[in-house]
Amino acid sequence: MLAASVQAHLTRNGFAVDHFSSARQAEQMGLQETYKAAILDIGLPDGSGLDVLRAWRNARRSLPVLILTARSDWQDKVSGLKAGADDYLAKPFHIEELVARINALIRRGEGRMDNRIEAGGVELDEDRQQVRMGNGEWHALTATEFRLLRCLISRPGRILSKRELLEQLYDIDSEASDNTVEAYIYRLRVLIGKQKIKTLRGQGYSFNHDA
Amino acid sequence: MSNPAGLRSVRRTLFLWLLPLATAFMVMAWLAHGALMDAMLSNFLDSRLQEEAKYVQSGIQKRYPDLDSWLQEDVFFADAFHHIFAIRIGERVWSNRPELEDVLAAGTIDHDPQTTVLDAGDIRLYAVRTPFQYEALEGVILVAENLESLESDQARLHAWVAVVSLGLLLILVALIVMAVQFALRPVVRLGSELARLKSGGIERLTTAVPSEFEGLVNQLNSLLDTLDVRLKRSREALANLSHSIKTPIAAIGQVLTDTDVEISSDVRQQLVSRLGTIHEQLEAELRRSRLAGPQTGKTSDPVVQARELAWMFGRLYPEKNFELVIGQTISGKWPIEEQDFNELLGNLMDNAGKWSARESRVSLETRAGQFVLTVADDGVGVAIDQQGELGRRGLRLDEQTHGHGLGLAIVRDVVDRYGGSVSFSTAPNLGGLLVTVSLPGCTPASQEGAT
């Protein structure tokens, strides 16, 4: 009933919609076809929607995905986004909201690519603001952590002064100082390993791509 | 209650150790007594026999060579001297016991070693031999005692000691049993209290227990408190829920089944709004019943969870910035259950995300034993005189952003359960709303019922 209504609404809004009611079919079609966006229910009759999503992401499919969930706890949302979703909507929802979200996702997804920077065994997913070591688990980064790490990792070996790094901190914080940079470097080291970011006394920091 | 193999009862363990040990100690004491008695007796005997040998020697010096008449005349030999003795001078042997003369004569041939045991057929003699020299005379004096009677005396004494030891052992065992029973009386009492608790005779365990059980009993009691509160709460929640959703369900059902009522767009709108109410009530109760509340051993890692939430909101609101400020004094784990922490911070950040213009900031720190969490945004904020009303149930300050009130009501619920506090003010740098949540370092379980 829900799927039919969603399909009708989306068609009325000018979308061409394919509907699959099993995880197996969804996974296969997602890999075969090039869709602009996908709406994925977490609770599918033959498996978890999150597994379908992971399969797509592992195959480097970057289409925007909105997940539908009946659960409303935060952990469920976090795991949905960590599995690779771009947005979620908890049931019951207003169909207008779903359409609006899909439009927003497609707009955001235009020209989006699967961008990853890799240096010294550290992989940074620019699009999803995540980092991982080797083939380990992805770790979420806050916006500032991400900007600082991107700055360091995209110029491996080059020395970046504290002043240069300070510019990456959000400018609204008037209290931001060299100490703030140090605190963020410490946080990054906790995430990616101490030896990855070298301290050069009096000069700044550099990303160590040999270690 | 069945014990897994190897875990014996305390009483059995105590008995298994104490009783054999006590018995072993008593046996050892008895054996040591025997050995000591042997050593003492032979010392005492040696010195007495040597004394007598000296007496005999002085007699020889006075009366030699007429030793026969001396042996018969001396009153001392007749009345007091009850030992057997023999004197050898050259080839001649004198003795006070003619019937043993052969054995004694053989015993005086040599005087090394000084003490020996002579076997005289039906009796055995313990003999001390002393060589002597008097002018031209040279000889050996042998003084002996009947070993048989000596040994039977000693054996009798030893047997008596065994009887006394056994008596003492019985007393000791009785004392051990009494001590163990006495020490374990609280356990027995606890067991019977638990039985009465099970049958409904009492509601809580007595807290007047030995210090070893204090923690256990307090833990059990607080667990019972928690269960009571939880039961009460879930019943209330279900009652509220059924009360609040059955009316709209009945109304919707009536409209849909009544074929006379035409479903105009007005009626349709009403149906949708009724369904919306049902959903909201259900959601509120679901969230409330999901809260765990303070529980021993349930902690969360605030940095890890806050980072994930900040990251998630960053994904959901790509045009907005969510920053995480970690205090220098932050301690690793906070005594709040993980989902509860997520519920707390998730709702605050959700609001911040809805209201902020660009920037939201979460900070975590430990301050004077309190766990402090703040969420600030750069939105329009809330007027100071209205801040106190935020999150009070049934009151929504602004209907523009859906669900603002519900989120804060949940935050208040979580904070109340942990005995913490929540306050609202204007964010100094960002200008929007600043929410500060303080959680106490350790939450007594009784505060579970504080809502």
Side-chain angles (χ1 to χ4, degrees), chain A residues 64-66 70-95 97 101 104-105 107-109 112 125 127-131 138-147 169-176 179-180 182-184 186-187 190-191, chain B residues 272 275-276 278-280 282-284 286-287 290-291 303-328 338-350 357-362 376 378 402-403 406-407 410 427-431:
Chain A
V65 174
L66 181 139
R71 285 172 58 180
S72 51
D73 53 305
W74 293 106
Q75 194 49 51
D76 189 53
K77 293 163 190 169
V78 170
S79 29
L81 263 75
K82 283 188 100 173
D86 296 274
D87 202 355
Y88 72 86
L89 209 50
K91 292 182 214 169
F93 49 85
H94 291 289
I95 200 92
E97 180 154 15
R101 298 270 190 110
L105 280 186
R107 256 198 323 277
R108 251 157 70 187
R112 186 172 75 168
D125 184 337
D127 185 53
R128 308 193 58 78
Q129 280 191 16
Q130 305 180 105
V131 68
W138 287 104
H139 292 288
L141 295 172
T142 69
T144 308
E145 287 168 356
F146 170 71
R147 280 196 301 273
L169 297 180
Y170 215 64
D171 51 9
I172 216 158
D173 195 348
S174 50
E175 295 158 39
N179 286 344
T180 321
E182 275 170 34
Y184 274 103
Y186 172 78
R187 272 158 69 171
V190 169
L191 284 173
Chain B
V272 168
L275 281 172
I278 293 177
H279 169 234
E280 256 172 49
L282 194 61
E283 188 65 22
L286 278 178
R287 276 173 186 265
R290 232 179 1 234
L291 295 186
V303 175
V304 171
Q305 286 175 258
R307 177 183 277 120
E308 288 196 340
L309 282 171
W311 172 82
M312 181 188 80
F313 283 109
R315 310 287 81 223
L316 294 178
Y317 300 92
E319 71 285 2
K320 291 178 183 178
N321 195 38
F322 292 83
E323 204 37 69
L324 177 63
V325 181
I326 303 169
Q328 300 213 317
E338 274 189 26
Q339 276 210 34
D340 288 1
F341 181 85
N342 277 347
E343 209 61 53
L344 182 66
L345 186 57
N347 282 300
L348 290 175
M349 289 185 79
D350 197 24
R358 275 187 62 91
E359 176 85 358
S360 304
R361 195 166 300 174
V362 177
D378 62 348
H402 177 76
L406 181 61
I410 294 163
N429 283 342
L430 299 171

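The basis for the numbers below is simple: all heavy atoms, side chains too, and nothing from hydrogens, waters or symmetry mates. Chain letters run A, B, ... following the sequence lines, proteins first, then strands; residues in each count from 1. Just so you know, these numbers come straight off a predicted model, no measurement behind them.
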Does [X] reach the side chain of [Y], with side-chain heavy atoms less than 4.5 Å apart?
| X | Y | answer |
| --- | --- | --- |
| A:Gln129 | B:Arg315 | yes |
| A:His139 | B:Arg307 | no |
| B:Asp350 | A:Lys77 | no |
| A:Arg128 | B:Trp311 | yes |

When rounded to the nearest 0.5 angstrom, what distance separates [atom1] in [X] from [atom2] in [Y]?
| X | Y | atom1 | atom2 | answer |
| --- | --- | --- | --- | --- |
| A:Asp73 | B:Leu286 | CG | CG | 10.5 Å |
| B:Glu323 | A:Glu145 | CD | CD | 6.5 Å |
| A:Thr144 | B:Arg361 | OG1 | CZ | 8.0 Å |

Please state whether the side chain, the backbone, both or neither of A:Leu141 comes within less than 4.5 Å of a heavy atom of chain B. backbone

A:Leu66 versus chain B, heavy atoms under 4.5 Å apart: side chain, backbone, both or neither? neither

Mark yes or no for whether A:Trp74, through its side chain, and B:Leu344, through its backbone, hold a donor-acceptor pair below 3.5 Å. no

For [X] against [Y], the heavy-atom pair lying closest together:
| X | Y | result |
| --- | --- | --- |
| B:Val325 | A:Arg187 | CA-NH1, 4.1 Å |
| B:Leu316 | A:Tyr88 | CD1-CE2, 3.3 Å |
| A:Val78 | B:Leu309 | CG2-CD2, 3.9 Å |

Chain A contact via [X] - which portion, at a heavy-atom distance below 4.5 Å:
| X | result |
| --- | --- |
| B:Glu283 | side chain |
| B:Ile326 | both |
| B:Gln339 | side chain |

Does atom OH of A:Tyr186 have more than 12 heavy-atom neighbours, drawn from other residues, nucleotides or ligands, at distances under 6.0 Å? no

Interface check, chain B: of A:Gln75, A:Lys82, A:Gln130, most non-hydrogen pairs under 4.5 Å belong to A:Lys82

